Amino acid sequence: MDGIAILAPEEARRIAAGEVIDRPAALVREFLDNAIDAKAANIDITLEEGGCKKTECSDDGAGMSRKDLELCWHTHATSKIRALADLDTALTLGFRGEALAAASAVSRIEIITSTDGREAWQLETGPGGSSPVKLEQTRRTKGTTIRALNLFESIPARKRFLKREGSEAVLCRQAFIDKALAFNAINFRFIQDGKLKDFLPAVSSKKERFAAATGHQNFLHEINVTGDGFSAVIVLGGPELYRNDRRQLFVFANGRRVHDFSLIQAMEYGSQGWFPNGTHPVGAVYVEVDPSLADFNIHPAKREVRFRDPGTIHHAVSGAVKSFFHNLYLGRVGKDSRRDAEAQRTQREEGEEVGRDSRRPQTEGLKEAQRTRREEGEEGGEFKFSYDSAISASLRLRESFSQCLCESSSQFPVYAGRVFGVFILIEWGDKLYIIDQHAAHERILYDRFLKEPIPKQELLAPIPFCTDSDDEDAFLEKKREELSRLGIDIEKDETGWRIDALPSDWRLGDAATVKEILELRTAGENMAERWAATMCCRAAIKDGDYPDDETALALGKEALALKDPRCPHGRPVWTEISKEALYKAVRRD
């Protein structure tokens, strides 16, 4: 469209969905939409006091002329459509011309803009038009800076419903992340009270941006889907990544994050059988659809979308995810088949005799392939991932194995195998040590947690909860700082409590998380030890998991070196049987 114009009243009535600015996060969302629509390559969001004192968005986009600046804050002033029919072709995030009008009704607005970096203009207007509009010439590089100051200062009744500054800042950051996830070619910065909290540089793929925004640097895959009138990019974590809730499943439609359970369900349907029961994958689906086949005007904040043919998109996403996991499995089986073929080819080249000696290397090769399949979770043609990336990463034990490669003598610990999917066998000297892999790993992690700070991760969406008694309230108030040292950030607001941060890789669902935290009330002075024991039990390798031989030996060596060879709950980590006792048991002299 050629510049900003105010929609005709009849068109405005047909299009408007009633934009409402209810908190700073709504300002962030609307300002970002305008900056992205202006083709900005760099966008900064700056907050003061959770956005209540100042919410600012600065970009290097197209900017506005003086004429457009004079009109932009009026109701239904837009450059993106002229009539209802234009919605069928609109590719912009905004189109109704309500956002700046709604913002100027509840805050003091300042806009500085330039279309070329040579001539710039600044506009100021008070809340609800309570003060004269001020327009003057100024200086600025190409682009626009918009500030909303003192939100709801003139509407105290609405201001009372805002949360604490920290909570509002978290919601603003979530709105920021939602936009950044969808537009990976833009540099985004989030500045809070003078400190740079997030910097997401431009990257070439949705997968890279998803990794940077969520912290999942590994095990992510990108899947492309096309259909009649739509296309989709699916960023999906492999079976190594899973959660006990759907908090890291996202749906985007034409650049907007929308609440569409159907497409979340499609990702879960396609990945059925690849994750433990009761858990959910991590990922996002980015749908680009012909505007004439979708309606974003059904929700004031465009958080919902109505597709003309939702079943087709659902089926395409579900089928693509299912096909991806199927091919992933076939790829691993093919890798094992190639390994078996290589073992047989080596056998032939070495000219081994037919018979028992010639069969032995082949059998060992097949055993190696079977052992690798078990380690990777493939057994009997059915995929089962044994343990996730957090457990694998937390072991950090492989480094010590290189020292054991040449230790064939029994004077050094020697890995002797595993039994019952539970115990690691280590031969050392004239004794056989039987090590409980879960108890050992749990104790090792427990000792580390008590020595090192617990890394925490700020939640994209806080977990709200209410207590059942004054005693629980008093406990949370008194122990708030100590809980923070344990990786748990909690805050109290008018409606109850909320959890803003949890230890990294925490995987319990919301209800279970709240229950675990409140149960710390019974720990007395041993709260840190109780929490460490809880975390380590959740993270430690489980019965039935299959660590590879290197990791198993390294885990066994650390277990035998423990000063206190008991798990945090008091069970012994290992037991032993001597060579003499074993010989005696089978009557061997």
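All values derive from a computational prediction rather than experimental measurement.
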Looking only at atom types and distance, does a side-chain atom of S318 sit under 3.5 Å from a main-chain N or O of H315, one as donor and one as acceptor?
-> no

Could you tell me whether the side chain of S231 reaches within less than 4.5 Å of the side chain of Y286, counting heavy atoms only?
-> no

Side chains of R418 and Q437: donor-acceptor distance under 3.5 Å anywhere?
-> yes

Y269 and H314 aromatic ring geometry - parallel, tilted or perpendicular at 30°/60° bounds | perpendicular

Does NZ in K456 sit with more than 12 non-hydrogen atoms of other residues, nucleotides or ligands closer than 6.0 Å?
-> yes

Charged N to carboxylate O below 4.0 Å: is that the case for R147 and E56?
-> yes

Going by distance alone, is a donor N or O of one side chain under 3.5 Å from an acceptor N or O of the other, for D59 and T144?
-> no

Heavy-atom neighbours of H221 NE2 exceed 12 at 6.0 Å = yes

Are S205 and E208 linked by a side-chain donor-acceptor pair shorter than 3.5 Å?
-> yes

Would you call the rings of F190 and F176 parallel, tilted or perpendicular, where under 30° means parallel and over 60° means perpendicular?
-> tilted

Taking the side chain from S271 and the backbone from M267, do they hold a donor-acceptor pair closer than 3.5 Å?
-> yes

Is the F210 ring parallel, tilted or perpendicular to the H216 ring (thresholds 30°, 60°)?
-> parallel

With I43, the side chain to side chain contact (heavy atoms under 4.5 Å, CB included) member among I186, L200, N187 | I186

Between A26 and D22, which heavy-atom pair has the shortest distance, and what is it?
-> CB-OD1, 3.7 Å

Residue pair E519, K515: steps toward the salt bridge (Lys or Arg N to Asp or Glu O under 4.0 Å) verdict = CA-CA 6 Å; E519 284 183 352; K515 181 175 181 291; 2.6 Å; yes

Could you walk me through whether E222 and K206 pass the salt bridge (Lys or Arg N to Asp or Glu O under 4.0 Å) check?
-> CA-CA 8 Å; E222 192 168 291; K206 294 286 194 293; over 6 Å; no

Determine, stepwise, if the pair Y242 / H280 fulfils ring-ring contact (aromatic ring centres under 6.0 Å, His included).
-> CA-CA 5 Å; Y242 59 84; H280 307 274; over 10 Å; no

Checking salt bridge (Lys or Arg N to Asp or Glu O under 4.0 Å) for the pair K197/E458: CA distance, chi angles, key distance, verdict?
-> CA-CA 11 Å; K197 294 290 188 178; E458 188 175 354; over 6 Å; no

Atom CZ of F199 with >12 non-hydrogen neighbours under 6.0 angstrom | yes

Going by atom types only, do D510 and T513 share a side-chain donor-acceptor pair under 3.5 Å?
-> no

Around atom CG of D228, are there more than 12 heavy atoms of other residues, nucleotides or ligands at under 6.0 Å?
-> no

Step by step, work out the side-chain contact (heavy atoms from CB on, under 4.5 Å) result for R189 and L196.
-> CA-CA 7 Å; R189 297 200 310 165; L196 178 62; 4.0 Å; yes

